[in-house]
Peer 1: 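One structure, pasted below without further comment.
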Amino acid sequence: MRLGADFVSDLSPVQQAAVRHGDGPLLVLAGAGSGKTRVLTYRVAYLITERRVSPRRILAVTFTNKAAGEMKKRVAALVGGDAGHAWIGTFHSMCARILRREARWGWWTPAFSIFDDRDQTDLVKRSMEKAGVATSVFSPRAVLGAISRGKDRLLTAEMYAAEGGGYFEECVAKVYAEYEKGLRANNALDFDDLIKEAVQVFRANPPLLDAYAERFEHVLVDEYQDTSHAQYALVNMLSSRHRNICVVGDDDQSIYGWRGADITNILDFEHDHPDATVLTLDQNYRSTKRILNAAHDVVSKNARRKEKKLWTEREEGSSVALARVVNEYDEADAIRDAVLARVTRDGRDYHDFAVLYRTHAQSRVIEDSLRRGGVPYDIVGGVRFYERAEVKDVLAYLRVIANPADAVSLERILNVPPRKIGEKSATRLAEAAATKSVALLDALAAADGIEGLPAAAADSARKLGGMFERLREKSEATPVDELLKELIDETGYSAWLDGQKTEESAQRLANVEELVSAASEFVDASGEESLGAFLEQVSLVANIDRWEDRANAVSLMTLHNAKGLEFTVVMIPGLEDGLLPHESAFADDDELEEERRLFYVGMTRAQDDLCLFCADTRRRSGITEMRVPSRFLDEIDSSHLSVEDARAPTGRQRAPSTRAARARRRRADVFPDYEDYSQEQPELAPGVRVRHPSWGDGVILDVSGTGEDTIVRVEFGDGSEKRIMVRYGKLTLSGS
């Protein structure tokens, strides 16, 4: 198929320039809502139809399966069936594909498992026990996070240990070594390994890298601002031969530093590629002028960014609404009332609304209020479908069928459903496998000969081993959806759930049936019937990939999960220092800039209306704390804001005023015992010892804010830490 010469005529001039770019490096700075996905899709189509590049020589990488799937469909619609030969997928799926094809160069087999977060955490716990590192001293999640960061830096366990460091790093190095042994014993890779091992395979085998770099004549990367060091290294290796690398991204939307994203990758692209062409997509097709101007007011305060200001041909639009409330309960009710008012007055549907918050914990009070008001809502980013216990149980069976060395998955379902293999019997089976240096699955077949194993447990283990052997043989020629049905029937899993006759068991059974549907949909959509392909797709599915705007319900999600989405009306609660920006960012300028970008991302999800909320008080750990309006609100020009002080008895709108004046107006109402502490305070700084009438002596850890808005974080004698607003805290210097 060949597209007409004017197939890009519906694109803007700068979009056309990006699509028709010739050879050499290309950086496309694509602002929020500027149509970057369309540009990427059209460029792939242009390369195939106009430049006559074989689809097999095109690699297009993005971050979610949903985005990759949409790109495949759009390209196919433009160029026809040839598009199916292009490598279009996520970083992880692309690397999994490479590692299975090139398994001969590594320690794994092509049937390797991909461990998810839960599997990794379980393995880290075992590794900590073997390494002699107590979980009471260091959290397994913290240790896993350190290992993940090390892998992102392409460090092996030996390299990590050689770097040295403090006591924590020494302990992590020991656990890392045991963790790697555990992965190898299970023929498993974790998510970080998929990238790290691909890079290491290429580094260790230059001819192999040359072959792949020669193959991929054009490399395109979406969301380049979210790439990590390892992904950056991989992309540059694969594009090293032809140097036709096209990256699309927005430094103002780099919000994943906490999981390894490195904003310098996009900021330094021109340094890495001095001959790069740079194009800026600054026309926004989503939001109104006022929303864009307010968002720019905020993000422009960041020092580490490439200057650009989004513009739109859309209308001026309504002012950004800011509601000042007393506490989180009033905030939740204000959100509910705003939704109901717009549904009734403006004819909005519930799915037009999204509530975006900084932390998951904020959703509880909002959920309660929406339920009381009869407002339907959908939580995005709660317990994911593939993380539900019953779904993981069935998937564990499938993973053992595909990878007999996967002992972690087998241990999960040894006695699920109950089959008389208790903890002691499971331990004896594992010990026997270790003694004989065989896989746990092999030990099941020889269970009758294991000393100390009860006869009933041995019989069940032998039968279970036989079942796996039969299903493994069938898996080679049976479509995965049919195999799954047979598995569920033979294990008795559905019958076990059905026999419990509870509402919870009925819901769990429905989830198992939904998994069968997912397998059938996978076969129908991909044309791929193999068990391995299905498990890979399940392992790599992203959180937001499961969200679809089907139900007529308000969407509740974190700001991080909202990236890439858009809604008619967006509401952002918790605009207070300590929450947004989060208090963890106060001591680091780079982290504070990321918090500002996170707020910017939330603001630019809105199409027509943007509503912000901040509270005077908020309960944390059972204690009511005074809150200070977010410093980000001060950065928005007042001409873009419409402020409603919902704390006033009449609820009348008030003009914006200084932070101190607004706080004074409600001080006596919120805190009847308030004493005027606005007079000059003693010098407060980290290290200064203070005393509180209720909590006793403590030491200041850090100080934020100024004047009446000064907040100190204090560690008290019992080890507790508390954030205290000085004007209400009645702190005195210790000994005074």
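In this chain, numbering begins with 1 at the start of the sequence shown.
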Peer 1: Does the ring of Phe216 carry Arg241 above it, NZ/CZ under 6.0 angstrom from centre and within 45° of its axis?
Peer 2: no

Peer 1: CD of Glu490: more than 12 outside heavy atoms within 6.0 angstrom?
Peer 2: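 Yes, the 6.0 Å shell around CD holds more than 12 heavy atoms from other groups.
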
Peer 1: Are Arg470 and Glu486 ion-paired here, with the side-chain N under 4.0 Å from a carboxylate O?
Peer 2: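 Not counted as a salt bridge, because no side-chain N and carboxylate O are separated by less than 4.0 Å.
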
Peer 1: Taking distance alone, no hydrogens or angles, what donor-acceptor pairs closer than 3.5 Å link side-chain atoms of residues 154-168 to residues at least two apart or in another chain?
Peer 2:
{"residue": "Thr156", "atom": "OG1", "partner": "Glu158", "partner atom": "OE1", "Å": "3.3"}
{"residue": "Thr156", "atom": "OG1", "partner": "Met159", "partner atom": "N", "Å": "3.2"}
{"residue": "Glu163", "atom": "OE1", "partner": "Arg153", "partner atom": "NH1", "Å": "3.3"}
{"residue": "Glu163", "atom": "OE1", "partner": "Arg153", "partner atom": "NH2", "Å": "3.0"}
{"residue": "Glu163", "atom": "OE2", "partner": "Arg153", "partner atom": "NH2", "Å": "2.5"}

Peer 1: With distance as the sole criterion, is a donor-acceptor pair present between the side chains of Tyr256 and Glu223 under 3.5 Å?
Peer 2: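 Judged by distance alone, the side chains do not pair up.
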
Peer 1: Taking all atoms of both residues into account, what is the closest heavy-atom pair of Leu535 and Leu398, and its distance?
Peer 2: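 Answer, listing the atom of Leu535 first, then Leu398: CD1-O, 3.7 Å.
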
Peer 1: Determine whether a donor-acceptor pair (N or O, by modelled atom type, separation under 3.5 Å) exists between the side chain of Thr121 and the backbone of Asp117.
Peer 2: yes

Peer 1: Check whether more than 12 heavy atoms from other residues, nucleotides or ligands sit under 6.0 Å from atom CD of Glu469, and answer yes or no.
Peer 2: no

Peer 1: Backbone N or O of His582 within a donor-acceptor pair of the Glu595 side chain at under 3.5 Å?
Peer 2: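 It does hold such a pair.
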
Peer 1: List in chain and number order the residues that pass ring-ring contact (aromatic ring centres under 6.0 Å, His included) with Tyr179, two or more places apart in sequence or in another chain; answer none if no residue qualifies.
Peer 2: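 So Tyr179 forms no ring-ring contact (aromatic ring centres under 6.0 Å, His included) with any residue.
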
Peer 1: Check Asp442 with Lys436, please: is the shortest side-chain N to carboxylate O separation under 4.0 Å?
Peer 2: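 Salt bridge: no.
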
Peer 1: Quick one: ring pair (Phe, Tyr, Trp, His ring centres under 6.0 Å) pairs with a partner in residues 463-494, sequence neighbours left out?
Peer 2: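 Every pair satisfying ring pair (Phe, Tyr, Trp, His ring centres under 6.0 Å) with a residue in residues 463-494: Tyr397-Phe468, Tyr493-Trp496.
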
